[in-house]
Amino acid sequence: MYSEKLQSKDNHTAQMMIEDMQDEISKQEELLKEMYQEMEKLKNLLPDSPADSTQKIEGQSVHHEDSLSKVYGIISSLEKYTTEEVLFYAAPVLAELMGTKDVAIYNIANRDYARLFSATSTAARKLGNSIKYTDMEEMYQDLKHEHVYLNQSMNPDFPLMASAIYNESEIRLILMFWGIPKQRITPDEANRLTAVGALIQNALLHASRYLDNFRSQRYLEGTNVLNEEAFTTLVKAFLEAKSHGLTECALVEVILRYQSYEEVSTHIACNIRLTDYMGLIDRGRLCILLCNTDSKNAEVVQERLRKLDYDSRYLDTETIIPELR
């Protein structure tokens, strides 16, 4: 009787494993189907022959070969980065694909505002670290209706091209492009950007969601402070991106004195932005990672802390990286 029950249990387990494998095969088949659909879309939008891309614009050849293999090769380069790094390095990938040195990625902060996350040049940062994108009417209306924005009037207050990454029709990220000749502000380029956006969308959405959930899943219990492992990983990602000119960031240590980090973090939480991070490094030192902030603007935060009677010190990048290893 016992052996029969054991055999029955083994059969049930085997059946469950078979069903799990079948589910996984179905998922992979669906992903493969999506990939083929994306390839077909790209084939329709991008010429497959390098010879088709030799047209001249003011004596200069088009920025890159329009070959499917090259497009996929560039996009697949994102796979070598960790999830917290993807939104940084997506900017130079987009720059290469769209043939410009000036690309910015803005992350939606709330219904009206977006925050600069990464940019490939000073020119791409010209709108600043925070924009009220809903006030940029001519661009916003196009993005809202899931169209590529083309700045055919060359209005200097707007990017020359822009598109968005959506989550269930809601704008999640805004991709902005500068440094493009007027002759390329065309529906054909909009089609190219649509295709590129479709191919890169999943990676960007996954990275955006990951960073949104980063805090809540890695807070030290009862606080809004990231644990040492998570905070160190995040700081390294930002500092590495900073070294490549893709972002600005600053790290400030709050001097705890006799108080605990739990008590201090609660008092100062309202005086830092929602886009900044608090966390521990080096066995209990409380630090603030200030995103899109240089050393000069970090002084503003330090002054706020002083008014709350907390001393702090700016941690130089060259000094802090060895400490984080």
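Note that the numbering runs from 1 along the sequence shown for the chain.
- When the side chains of ILVMFWY residues are joined at heavy-atom separations under 4.5 Å, either directly or via intervening members, I131 and V103 end up in two distinct hydrophobic clusters.
- Contacts classified as side chain to side chain donor-acceptor pair (under 3.5 Å) and involving residues 120-131 (residues at least two apart or in different chains) are given here: D102-S121.
- Under a cutoff of 6.0 Å and an axis angle of 45°, R218 and F214 form a cation-pi pair.
- Side-chain heavy atoms closer than 4.5 Å link hydrophobic residues (I, L, V, M, F, W, Y) into clusters, and following such links, possibly through other members, connects L173 to L160.
- Looking only at distances, a side-chain donor or acceptor of N151 sits under 3.5 Å from a matching main-chain atom of M154.
- Across every non-hydrogen atom of A237 and E85, the tightest pair is CB-CG, 4.1 Å.
- Put simply, the side chain of C249 reaches to within 4.5 Å of the side chain of L289, judged on heavy atoms.
- Under the 3.5 Å distance criterion, with hydrogens and angles disregarded, no donor-acceptor pair is assigned to the side chains of T293 and E248.
- Considering every non-hydrogen atom in both L205 and R172, the closest pair reads CD2-CG, 3.8 Å.
- The environment of E137 atom CD is dense: over 12 non-hydrogen atoms of other residues, nucleotides or ligands sit within 6.0 angstrom.
- N213 CG to S208 OG: the interatomic distance, rounded to the nearest 0.5 Å, is 9.5 Å.
- Considering only heavy atoms from C-beta on, L234 comes within 4.5 Å of L226 through its side chain.
- Summarising the local packing, CD of Q259 is surrounded by more than 12 heavy atoms from other residues, nucleotides or ligands at distances under 6.0 Å.
- Connection of F117 to Y166 is not established within any shared hydrophobic cluster, with ILVMFWY side chains joined at heavy-atom distances below 4.5 Å, either directly or through further cluster members.
- Side-chain contact between L87 and L204 is present, with at least one heavy-atom pair separated by less than 4.5 Å.
- To the nearest 0.5 Å, atom CG of residue L211 and atom CG of residue N107 are 7.5 Å apart.
- The CG atom of L290 sits 6.0 Å away from atom CD1 of I288, with the distance rounded to the nearest 0.5 Å.
- Under 4.0 Å is where a charged nitrogen must lie from a carboxylate oxygen, and between K296 and E299 no such pair does.
- Remark: K101 NZ to E96 CD distance equals 13.0 Å, nearest 0.5 Å.
- Rounding to the nearest 0.5 Å gives a distance of 7.5 Å between CG of D112 and CG of D135.
- No salt bridge links R209 with D212; every basic N to acidic carboxylate O contact stays at or beyond 4.0 Å.
- A continuous path of hydrophobic side-chain contacts links L246 to L175 [ILVMFWY only; heavy atoms under 4.5 Å].
- Remark: the E138 side chain and the Y149 side chain contain an N/O donor-acceptor pair separated by less than 3.5 Å.
- Considering only heavy atoms from C-beta on, I174 comes within 4.5 Å of Y133 through its side chain.
- Looking at E263 and L256, their side chains never come closer than 4.5 Å, going by heavy atoms from C-beta outward.
- Side-chain contact check for E262 and T223: no donor-acceptor pair (N or O, by modelled atom type) lies under 3.5 Å.
- H244 is linked by a side chain to side chain donor-acceptor pair (under 3.5 Å) to nothing, counting only residues two or more places apart in sequence or in another chain.
- Using a 4.5 Å cut-off on side-chain heavy atoms (C-beta onward), Y310 and I255 make no contact.
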TODO: Using the side chain to side chain contact (heavy atoms under 4.5 Å, CB included) rule, take L280 and L220 through it: C-alpha gap first, then chi angles, then the decisive distance, then the call.
DONE: CA-CA 10 Å; L280 300 182; L220 291 161; 3.5 Å; yes
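- Here the closest non-hydrogen pair linking R184 and I180 is CB-CG2, 3.7 Å.
- A heavy-atom distance below 4.5 Å is not found between the side chains of V225 and Y219.
- Aromatic ring pairs are classed by plane angle as parallel below 30°, tilted from 30° to 60° and perpendicular above 60°; the pair H206 and Y210 is tilted.
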Open item on the list: Pair R306, E303 - check salt bridge (charged side-chain N to carboxylate O under 4.0 Å, His left out), show working.
Closed with: CA-CA 5 Å; R306 272 193 289 272; E303 179 58 31; 2.9 Å; yes
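- Hydrophobic clustering keeps W178 apart from M98 (ILVMFWY residues linked when any side-chain heavy atoms are closer than 4.5 Å, directly or through intermediates).
- Residues V264 and L286 have side chains in contact (heavy-atom distance under 4.5 Å, counting atoms from C-beta outward).
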